[in-house]
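What follows is a set of notes on a single structure, which appears directly below.
Computed from a prediction, not measured in an experiment: that's the story for all the values here.
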Amino acid sequence: MPFCCPPSKGLTAEGKEIGIDDSPVIEQELCSVDELPPGERKEIEVDGRKRKEIEVDGRKLLLVNDKGTIFCVNALCSHYNFPLIKGFVYEGKIRCPLHGACFSLKTGDIEEFPGFDSINSYQIENRNGKLFLKSTEKRLGNDRRTRKAPKVIEKKENPIVVIGGGPSADSLTETLRLLGCTTPIVMITQDEHPPYDRVMLSKNFDVQIDAIRHRLDDFYQERKITVRTKTKVLKIDATTKTIELENGEELKYSKLVIATGGTVRKLTDPGANLKNIYYVREYSDVQGLVESAKDKDVVVIGGSFIGMESASTISKVAKSVTVICATEEPMPAFGRDVGMAFRKYFGLKGVEVKTRARVASLEGDSMGNVIEVRLQNGGHLPAQVVIAGIGVAPSTDFVRKSGNIKLDNQGFILVNADFQTNDHNIYAIGDVCSFPLPYWNRKHVNIQHFQTAQKHGELCAYSLLGKPHPGALVPFFWTVFFMERGSRFVGLADDYDEVYTRGEVNDFDFRKYYIKNDEVVAVCDAGLNPIATIPFAEIFKRGIRVTRDEVERNKNDDWTAYLEAPVVAGKN
């Protein structure tokens, strides 16, 4: 029986790769070979400590027998530390069941997002029918590791300038260095902090900035990536390949990448300038929100993801929470049935969601504090705190002033398959761009989700270096409420003919297939076992076509065979 025995590389306690690992060797019996037949997986905790004088927590490892080859990796996903034991395994890879991050079982390298870190893989040996781990204290010191980039000796040339500091910008700059790029790199962001996980802001208003940063300062320093915070770009001069900054400085570029994302939409109703009205975009936006909302009546304006997640989060401390939702049901991207199920679930949690409702005005007291929200239908809601989650507009004002970069009619930057604008030296990635999505026959589409933005950054790095892309982009997003109920979505369903649903939507145990021209174009599911969305992320990536009839006949929603033998999986 084959075993995966990766080369041993050293790791610091923070999970960074180092050149030499002289820490004590750890050997431990894991289980018998008979306990791990093909298709089986097993989670085992190891000590991780050789010397009594040091403190090393026990480490959970995952053994996987993938078609006769046994692999050993860390048992937790590097994204949100979710257990991988129920992940989707195929062709030497494992996808996290929570958000779809994909890792090589052989090396532990992250191959699909979300997340930035890889996990560790471990050497195992078969000794008379028993599986033994052979590793070191350092290697067992962390559940994750940072991929090591080649040493950077910068060329003396104008830098690649990246305007923006979100996941697409961070993914771009990291991938450039991983691919051996030696051009100077400058990242410019208006935010007061280097890139961080904005997704967490609506899920934990009290989170500390260091806990959600993608990378800490030494990461950028080691890779010679200059990050300039609190810096605003006023204009691009494509003729001279120069950008003008608000402080009057001009900066030359060799290539320019625009990754500015969106600007939060502000309320324009009467009373919109009152105190205690919060938006959820940047870290500074949510500071003080929890303290302001304690034992208060809170009104959340907006029934999409940010609004509903904010309502879920703030309900832990508020006296009451009401969501004002303009659509027929909240989160219309999922469909009316799923939105209704979430609305009812919020009601059980004490959060009322008012649908087809719109704000008429916000009323204040003599001190300028908001005290009430009035609705267009004549209703009124007490509100000592208001949270607005009404979407974002593309951050392209400075692009418009530059005059030479093409935008669509909504203000998003038009790019080709290489993320290149009509100017061959200027690229755009993430929420700010409108890009091709070939599997869905879309010449241009704008998708504003973390995983898509991060994938944009990776693919654009390959484009900048003239390398072919490592696979296609497949949109994937998720949401979770009250840390209990959530849903995942893969594909593109802004234009579909019908849906086919299996399971119970109201119980949040369902698989929902969106169908166009008799083919599946997107999948939504809920429950702890994502048996549909996770495999379809790979099905879409490979260009496999699945028909409505095949969905109807596949009553257990097991799509493994479609990846093992794609020739039988409908039209390809």
Side-chain angles (χ1 to χ4, degrees), residues 1-18 21-98 101-111 115 117-145 528-529 560:
M1 178 179 291
F3 295 87
C4 177
C5 299
S8 180
K9 295 180 182 178
L11 298 169
T12 67
E14 294 77 28
K16 299 176 186 175
E17 294 194 40
I18 58 176
D21 183 357
D22 57 359
S23 64
V25 173
I26 302 290
E27 294 192 28
Q28 181 173 328
E29 181 179 334
L30 301 176
C31 66
S32 70
V33 174
D34 292 340
E35 293 179 70
L36 209 69
E40 189 64 39
R41 58 194 79 177
K42 191 177 184 67
E43 188 178 89
I44 297 175
E45 185 167 335
V46 299
D47 187 358
R49 178 178 58 188
K50 183 74 172 180
R51 296 165 291 179
K52 293 182 179 179
E53 64 270 19
I54 69 166
E55 292 184 6
V56 179
D57 293 335
R59 187 68 55 208
K60 287 186 178 181
L61 305 184
L62 181 66
L63 288 168
V64 178
N65 188 329
D66 183 24
K67 298 179 182 177
T69 300
I70 296 180
F71 300 91
C72 183
V73 294
N74 286 111
L76 301 178
C77 177
S78 66
H79 183 221
Y80 283 169
N81 293 320
F82 197 80
L84 290 172
I85 191 166
K86 292 187 178 180
F88 185 64
V89 174
Y90 59 97
E91 296 185 352
K93 307 176 191 296
I94 187 166
R95 275 189 183 263
C96 176
L98 187 63
C102 181
F103 304 90
S104 165
L105 286 168
K106 182 178 181 180
T107 65
D109 285 348
I110 188 168
E111 296 188 352
D117 285 328
S118 297
I119 57 178
N120 296 306
S121 57
Y122 296 92
Q123 182 176 344
I124 51 175
E125 297 176 357
N126 182 356
R127 300 177 187 173
N128 300 318
K130 300 287 187 180
L131 296 181
F132 279 80
L133 167 75
K134 188 174 182 180
S135 189
T136 64
E137 281 183 354
K138 284 182 180 177
R139 195 169 186 81
L140 287 164
N142 202 283
D143 282 312
R144 59 185 65 188
R145 63 181 173 84
L528 293 177
N529 188 12
T560 307

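Evaluated for a side-chain contact (heavy atoms from CB on, under 4.5 Å) with Leu61, the options Cys72, Ser121, Ser135 yield exactly one hit, Cys72.
Taking the side chain as every heavy atom from C-beta outward, Arg41 and Glu43 never approach each other to under 4.5 Å. Under the 4.5 Å side-chain criterion, counting only non-hydrogen atoms from C-beta, Arg127 is not in contact with Val33. Contact of the Ile44 side chain with the Leu133 side chain is not registered, since no non-hydrogen atoms from C-beta on lie closer than 4.5 Å. Contact check for Ile70 versus Leu36: side-chain heavy atoms found under the 4.5 Å cut-off. At least one side-chain heavy atom of Leu63 sits less than 4.5 Å from a side-chain heavy atom of Cys31.
Leu105 CG to Ile94 CD1: the interatomic distance, rounded to the nearest 0.5 Å, is 5.5 Å. Interatomic distance, Glu35 CD to Asn65 CG, rounded to the nearest 0.5 Å: 12.5 Å. Taken from CZ in Arg145 to CD1 in Ile110, the straight-line distance is 10.5 Å, to the nearest 0.5 Å.
Among residues two or more places apart in sequence or in another chain, the side-chain contact (heavy atoms from CB on, under 4.5 Å) test is passed with Lys130 by Glu29, Ser32, Phe132. For the side-chain contact (heavy atoms from CB on, under 4.5 Å) test, residues two or more places apart in sequence or in another chain that qualify with Glu111 are Lys93, Ser104. Residues meeting the ring-ring contact (aromatic ring centres under 6.0 Å, His included) test with Phe103, sequence neighbours left out: none.
When atom types are taken as modelled, the side chain of Asn120 and the backbone of Asn142 share a donor-acceptor pair closer than 3.5 angstrom. Arg95 contributes no side-chain N or O that, together with a main-chain N or O of Phe88, makes up a donor-acceptor pair within less than 3.5 Å. A donor-acceptor contact shorter than 3.5 Å links the side chain of Tyr122 to the backbone of Arg139. Checking side-chain atoms of Asp66 against main-chain N and O of Gly92 turns up a donor-acceptor pair under 3.5 Å. Formation of a donor-acceptor pair under 3.5 Å by the Arg144 side chain with backbone atoms of Asp117 is not found in this model. Remark: the backbone N or O of Ile119 is not paired with any side-chain donor or acceptor of Asn74 at under 3.5 angstrom.
Contact detail for Gly108 and Ser118: the closest heavy-atom pair is O-CB, 3.2 Å.
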